[in-house]
Amino acid sequence: MVTRSAMTLKLMTYAPSGALVAAPTAALPEQTGGERNWDYRYTWIRDASFSVYALLGLGYREEAAEFGFWVRDRLIEGAGDGGRPLKIMYRVDGTSDLSETTLDHFEGWRGSRPVRIGNGAADQVQLDIYGEALDAFFNADAQGLQPARLGWTALANTIDWLCEHWDQPEEGIWETRGGQKDFTYGRFQCWVAFDRAIRVAEHRGRPADITRWRSERDRIYEQVMTRGWNPQRRAFIQHYETDVLDSSLLLMPLMGFVSPFDPMWLDTLDAMDKELVSDSLVYRYNPSASPDGLAGSEGTFSLCTFWYVDALARSGRLGEAELVFEKMHTYANHLGLFSEEIGLTGQQLGNFPQAFSHLSLINAAINLDYQLDHGAGDVGPVLARARRR
């Protein structure tokens with residue numbers, strides 16, 4: 001399954017630029033007959049950054065380096081216009097004309113309208129992309145793929161920009177169309193951006209305003225720990241003005257923001273178990289509890305289920321992590337491919353195949369394999385007894 005996922009990512013990579021498309025399809029719905037139909041034939045900074053971890057984990061340094069050059073070029077271009085250093089998505093050639101158009105003369109898959117090409121989310125503010133991009137740079141640097149002068153200068157300028165702009169509402173990782181919010185995931189990924197930039201600067205002796213970067217990093221940490229934590233729910237929540245859970249926060253222990261054994265994190269994981277997990281499959285969030293500006297519902301999100309595998313493993317629940325990982329294989333099609341989501345009857349939903357699903361499968365396999373070989377073992381029952389005491 002890991003090999004098939006690696007082949008899938010390779011086939012969705014545009015060789016001349018190194019850019020990875022999110023999916024090779026458009027307008028395949030997240031709910032049959034619904035309106036959540038988007039064009040994914042573009043390169044998201046987020047998706048492609050996550051792919052670097054997967055590629056490096058399998059030894060594909062050349063492919064990881066090619067994408068690193070592609071992002072570097074976007075940062076250099078963005079530094080010259082006085083605005084945000086990065087857009088959230090681009091065409092594979094690096095251009096950013098993604099105007100969204102509705103094709104009214106198309107019926108859509110099983111009557112799922114509207115059929116859209118282009119993507120109106122392209123101009124959204126999504127601050128998490130800086131954390132994901134910097135984590136990709138950090139992982140590449142750890143594998144010997146050091147940033148050259150142009151790349152480091154662009155990266156440092158981006159972090160300087162983030163010092164002034166991290167504390168603002170945004171649309172968030174799920175590209176909601178219900179208005180900007182102070183999303184917890186976006187804030188903690190900004191912490192990741194500062195943390196990784198500081199580490200590379202100190203390790204490589206690169207010029208940087210490390211004192212300022214460290215101050216902003218610590219401000220974010222304190223803000224998330226106070227405003228992103230809901231004492232009534234005993235959980236980290238989707239954004240600061242809600243009590244809704246969000247499975248994107250499953251990345252908090254993986255990215256090093258919290259200890260996987262921190263009681264605050266273990267309570268959050270318990271809350272997700274009860275509310276977002278259905279027979280081991282994981283929903284992104286509850287749209288009815290947190291309106292996202294769109295009608296209808298959706299299936300479980302395969303990316304989030306693989307993140308759940310990693311979170312379980314890191315938090316000492318290795319037996320459950322193995323079970324969830326193996327069960328997920330049964331939802332692939334006969335070629336071992338995954339779409340974006342899985343419906344109530346096990347059907348594939350959304351654009352297909354989905355890079356997010358396959359890169360997260362690879363990452364979950366690598367991390368689970370490591371935990372099985374080097375982790376603390378299956379200490380879930382021990383932790384449960386300790387917490388009861």
Practice task
Could you point out which residue of R46, E170, E171 forms a side-chain hydrogen bond (donor to acceptor under 3.5 Å, both in side chains) with Q126?
Solution key: R46
Problem - Positive for side-chain hydrogen bond (donor to acceptor under 3.5 Å, both in side chains) with W166, one of Q223, Q189, E216 - result: E216
Handout entry: Over 12 foreign heavy atoms within 6.0 Å of OH, Y240
Key = yes
Problem - Apart from L103 itself, residues in the same hydrophobic cluster as defined by side-chain heavy atoms under 4.5 Å - result: F106, V115, I117
Practice task
Give a yes or no on whether the backbone of A48 and the side-chain of S51 come within a donor-acceptor separation of less than 3.5 Å.
Solution key: yes
Handout entry: Contact list for residues 56-67, test side chain to side chain donor-acceptor pair (under 3.5 Å), sequence neighbours left out
Key = K10-E63
Completion exercise
Residues at least two apart in sequence or cross-chain that pass side chain to side chain donor-acceptor pair (under 3.5 Å) with D273, listed by chain then number, are Y308, R317
Completion exercise
Across all chains, not counting sequence neighbours, the ring-ring contact (aromatic ring centres under 6.0 Å, His included) partners of F69 are none
Exercise for the section: Look at the side chain of S112 and the backbone N and O of G108, then say whether any donor-acceptor pair between them is shorter than 3.5 Å. Expected result: no
Problem - Main-chain N/O of P207 paired to W152 side chain as donor or acceptor, under 3.5 Å - result: yes
Completion exercise
Applying salt bridge (Lys or Arg N to Asp or Glu O under 4.0 Å) to D167 and not counting sequence neighbours gives R187
Completion exercise
With sequence neighbours left out, the residues meeting side chain to side chain donor-acceptor pair (under 3.5 Å) with T211 are none
Problem - Geometric class of the Y42/W44 ring pair [parallel <30°, tilted 30-60°, perpendicular >60°] - result: tilted
Exercise for the section: Report yes or no: does D141 contribute a side-chain atom to a donor-acceptor pair with the main-chain N or O of L145 at less than 3.5 Å? Expected result: no
